[in-house]
**Q** 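Here it is, the structure in full.
By convention in this document, chain letters (A, B, ...) are assigned in the order of the sequence lines, proteins followed by strands, and residues within each chain are numbered from 1.
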Amino acid sequence: MTSGFDDIPFFDEEPDAPSARPKTNREPAPERSGGSGIAARALAARNGAVARPSYLDGLNPEQLRAVETLDGPVLVLAGAGTGKTRVLTTRIAHILATGRAYPSQILAVTFTNKAAREMRERITHLAGEAVEGMPWLGTFHSIGVKFLRRHAEIVSLRSDFTILDTDDVLRLIKQLIQAEGLDDKRWPARQFALMIDGWKNKGLDPSQIPEGDSRAFANGKGRALYTAYQNRLLSLNACDFGDLLMHPIRILKTNPDILADYQGRFRYILVDEYQDTNSAQYMWLRLLAQRPGRKSPSPTPPHKGAGLGARSARLGATSDTDVVDGDEFPGDAPQPDSLPPVGRVGEGSSSHASVNICCVGDDDQAIYGWRGADVDNILRFEKDFPGAAVIRLERNYRSTAHILGASGHLIAHNEGRLGKTLFTERQDPEDEKVQVHAAWDSEEEARAIGEEIERLQRGDGADGVKHLLNNMAILVRASFQMREFEDRFVTLGLNYRVIGGPRFYERMEIRDAMAYFRLVCQPADDLAFERIINTPKRGLGDTTVRNLHDYARARNIPMLAAAADIVETEEFKPKARKALFDVVANFQRWQKLLETMAHTELAEQILEESGYTDMWKNDKSAEAPGRLENLKELIRSMDAFESMRGFLEHVSLVMDAEQNEQMDAVSIMTLHSAKGLEFDTVFLPGWEEGLFPHQRALDEGGRNGLEEERRLAYVGLTRAKKRLHIWFVSNRRIHGLWQSTIPSRFLDELPPDHVEVAEAEQSYGGYGRGNPYGQSRFDKQEPFASSYSSPGWQRAQANKTEATRSNWGNRSGVSVERVGYGEAGPTGRVIQGELVAKSKIDEPSKFAIGDRVFHIKFGNGNVAAIEGNKLTIEFDRAGQKRVLDGFVDKA
DNA sequence: TAATCGTAGGTTTTT
DNA sequence: CCTACGATTA
């Protein structure tokens, strides 16, 4: 577990948990954790009756309450860095340890696999092997799959249905659009995929979508297309991601006995990141959170009040499995195919009042409204679950008081929040204020941030300590901003890591390979068939594929089967016929081998015999070696699975693969992907109107859009533990042309007490000096303007004002100043950068001049010069670049 | 089948 | 402006 991923300090790291405190659970509870239940417990403990379990040690009173309030609905409003994950995991451990439920009776949902994995690890840590048997801990989607595999037939699927990724979905939709005789340029599949996504986020099936939505696409054929799409999925025995929730909802709604069964089963429901739930997820939760109906056969409750000792005894017997897996839902007959109206789930039923559901979230960190998340879900929790206990976690363990003060003040500008005020006990006069910096343009911004990073790395900062790059991050609003930093860091030879780019299983070669495997395991997978039928090239072009497609559709058989038929005929020209024959024969053979051969071996054989690996071996492009490497990695990763099918199942849901965390590197990522992470030092560049808040969020989302942007800013600010640097530039290239920009309004929303406008340490070339634009109008209007008196801020304000009046084109005077900076400032810095590099010059390089090397970004090249750990490489495609040797491998 | 030209779009992302 | 993808052409 890397520290960067830890929301909260764990056990001994807790700031207010002195390490001197005894860890034995015989010890009475510390006084500060004095809820009444605890007091009683402590008393009991003193009498030797109940030992206070050690996992409760170090929780603050609110956290403890969140853990111990087990009956009835609970909403935990957990501010950033207040120990959210810890509460969730400890709560589960507590439920298990007190014997209130079997692991199989707890439903715990997260949004990401990462969160689920982390939760599982932590619970294991707290409660021992108890979690091994927690079958219902996972993402909404993975739990959806598990459920759907059991009840697939109710929605006319087989339980071995495939899960399509976005690529497949897109191709499928495109086919449907073409089949309708529509122009796929005018009606892009992309757009329709987004619409479907939106509908499914809301839990709407084709009959339920608003008429307006239907009319908005394809000359009013929206609904028909959606219907056709769903039918096509069924005939492919496939689901998209939305279906993994839609189908379970439908099953639960139309089958009261199944519903009652699950309602009875899940004694405790826990939801992470509740602020991010969409309507469909909400419906699903509401269905399960209702009290079981009268006739529901509820599983025997485990005996209550058992302590830790009793737990392990019970675990030995492990009746978990038969509670979940043993019972095969008798009386669960397939239902007719009619779709129920989507009403408001659970309406009119007051019985859900005492369901043990615990939702944890932070309305201030709701940043996924644009993909269907509905903040209202968290805002109206108390109405949905009457009598809910609402617990606020406001004690922050992460950031300095300045960072907390700044973020708290910013987010207070939002309306309609549940309202929390984070505080910390940390009082260190050494803590620096949040720094706001101005730069002329994005290039200078990147340059200056690079310098600051190197300064920290070197130990030239205020604290004189050398800092690891791993503890620093640059968080951007939009991914195009990353490029500037990458370019700069490559020239500096500064290690960086981009988080969130295209992921392993989304890469072309991986998808291709997976399509082969899919088709072997599932011959009806037409999408896989179409993906690889002519990859590598076999002379089976569009026309052949279309013929096959038509033939297959006419007979209602899979394309692979159609191909098998057609090669027996004279339908195709000999060349195509031969190629197709080979493909069909190959697949038939592989299918047979599936039963006998080890799956990794078979996978390798498939890629060899299909010519797929050869295709990349013959490819001269820069990416080819990397792709072959990825394929090897893919096969290697299959080892951990029982079978090829098992592997496919895993991959369809878990799209990430871990990367090398070895090297020390600065992280570059978007604000969105930074949620949940923390870093000592955080840089937030690009705080300009139009970029942040983003213009489109403003245009399309109005006030809500702005508030979501503000929450995003809040997320960014609260990622920082110790040092926070915010940047804005005066000029940025937007769609290729230079534009003057105005500092973000969010800057004005920061409290002066906790913020200082950083003075540039080097010469700025004086672009603000002798400000020709006079006093800023913002001086009067801004509430805090009086405290921003430093020259830097005034300069910033000056930029702000002039920026509103002019643009790059007619500001020749200023562009000269830029040149001035360009020559003065950075030149010195570059030299410093090299000095750093030279400290390593003595170490012999593992490369020699003339070596053939491969770089992940620039491809193949030859080493032209070596200075310490820096190489100058003549790349085949990218030209000459200086790179760090850690970034290249011998080719 | 590869290479080249033209055009559209250029926020955020999981599963 | 610059990239990525699709369509057209050799």
**Q** Do W370(A) and the base of dT12(B) stack face to face, with centres under 5.5 Å apart and an angle between planes under 30°?
**A** yes

**Q** Please report, rounded to the nearest Å, how far the C1' atom of dG6(C) is from the CG atom of D542(A).
**A** 12 Å

**Q** NZ of K185(A) versus P of dG6(B): gap in Å, rounded?
**A** 14 Å

**Q** Which nucleotide in the set dT1(B), dT13(B), dT3(C) lies at the smallest distance from any side-chain heavy atom of T670(A)?
**A** dT13(B)

**Q** Given R732(A), which partner from the list E688(A), E443(A), Q739(A) fulfils the side-chain hydrogen bond (donor to acceptor under 3.5 Å, both in side chains) test?
**A** E688(A)

**Q** Given dC1(C), dT1(B), dT11(B), which nucleotide is nearest the side-chain atoms of A478(A)?
**A** dT11(B)

**Q** In whole angstrom, give the distance that lies between atom CD of E700(A) and atom P of dT11(B).
**A** 10 Å

**Q** For D167(A) and dC5(C), what is the distance between atoms CG and C1' respectively, to the nearest whole Å?
**A** 14 Å

**Q** Can you name the one residue among D362(A), D364(A), D363(A) that meets salt bridge (charged side-chain N to carboxylate O under 4.0 Å, His left out) with R417(A)?
**A** D364(A)

**Q** Rounded to the nearest 0.5 Å, how far apart are CD of E445(A) and CZ of R488(A)?
**A** 13.0 Å

**Q** Would you kindly compare E708(A) and P188(A) by the position of their nearest DNA chain B nucleotide and give the one closer to the 5′ end?
**A** P188(A)

**Q** Which nucleotide in the list dT11(B), dC1(C), dT15(B) gets nearest to the side chain of N113(A)?
**A** dT15(B)

**Q** If the C1' atom of dG6(C) is compared with that of dT11(B), how far apart are they to the nearest Å?
**A** 24 Å

**Q** Can H694(A) be said to stack with the base of dT11(B), given centres closer than 5.5 angstrom and planes under 30 degrees apart?
**A** yes

**Q** Which nucleotide wins on minimum distance to the side chain of H141(A), given the candidates dT11(B), dT15(B), dT12(B)?
**A** dT15(B)

**Q** With a 4.0 Å limit, can you tell me whether R483(A) has a side-chain N or O closer than that to the phosphate oxygens OP1/OP2 of dT3(C)?
**A** yes

**Q** Mind checking E709(A) for me? I need base, sugar-phosphate or nothing, with any heavy atom below 4.0 Å counting as a touch.
**A** base

**Q** From Y226(A) OH over to L204(A) CG, what is the distance, rounded to the nearest 0.5 angstrom?
**A** 7.0 Å

**Q** In whole angstroms, how far is the P atom of dT14(B) from the CD atom of E273(A)?
**A** 13 Å

**Q** Can H735(A) be called stacked on dG10(B) when the rule is centres closer than 5.5 Å and an angle between planes below 30°?
**A** yes

**Q** Starting the side chain at C-beta, find the nucleotide from dT12(B), dT15(B), dT1(B) nearest to E506(A).
**A** dT15(B)

**Q** Nearest whole angstrom, please: distance from the C1' of dG6(C) to the CZ of R171(A).
**A** 16 Å

**Q** Identify which nucleotide among dT1(B), dT15(B), dT12(B) has an atom closest to any side-chain atom of L653(A), counting heavy atoms from C-beta outward.
**A** dT15(B)

**Q** Ignoring the backbone of Y368(A), work out which of dT13(B), dT1(B), dG6(C) is nearest its side chain.
**A** dT13(B)

**Q** Over all strands shown, is G539(A) touching base, sugar-phosphate only, or nothing at heavy-atom distances under 4.0 angstrom?
**A** sugar-phosphate

**Q** On DNA chain B, compare the nucleotides closest to R696(A) and T166(A); which residue's is nearer the 5' end?
**A** R696(A)

**Q** Quick one: R371(A) CZ to dT14(B) C1', roughly how many Å, whole number?
**A** 5 Å

**Q** Nearest to the side chain of S479(A), heavy atoms from C-beta on, is which of dT13(B), dT12(B), dT1(B)?
**A** dT12(B)

**Q** Quickly work out the I734(A) CD1 to dT11(B) P distance and round it to whole Å.
**A** 10 Å

**Q** So D240(A) and L172(A), do their side chains get closer than 4.5 Å, heavy atoms only?
**A** no

**Q** Determine whether E121(A) and R117(A) satisfy the following criterion, salt bridge (charged side-chain N to carboxylate O under 4.0 Å, His left out), listing intermediate values before the conclusion.
**A** CA-CA 6 Å; E121(A) 276 167 17; R117(A) 213 181 307 130; over 6 Å; no

**Q** In terms of side-chain heavy atoms of T112(A), which of dT13(B), dC1(C), dT15(B) is nearest?
**A** dT15(B)

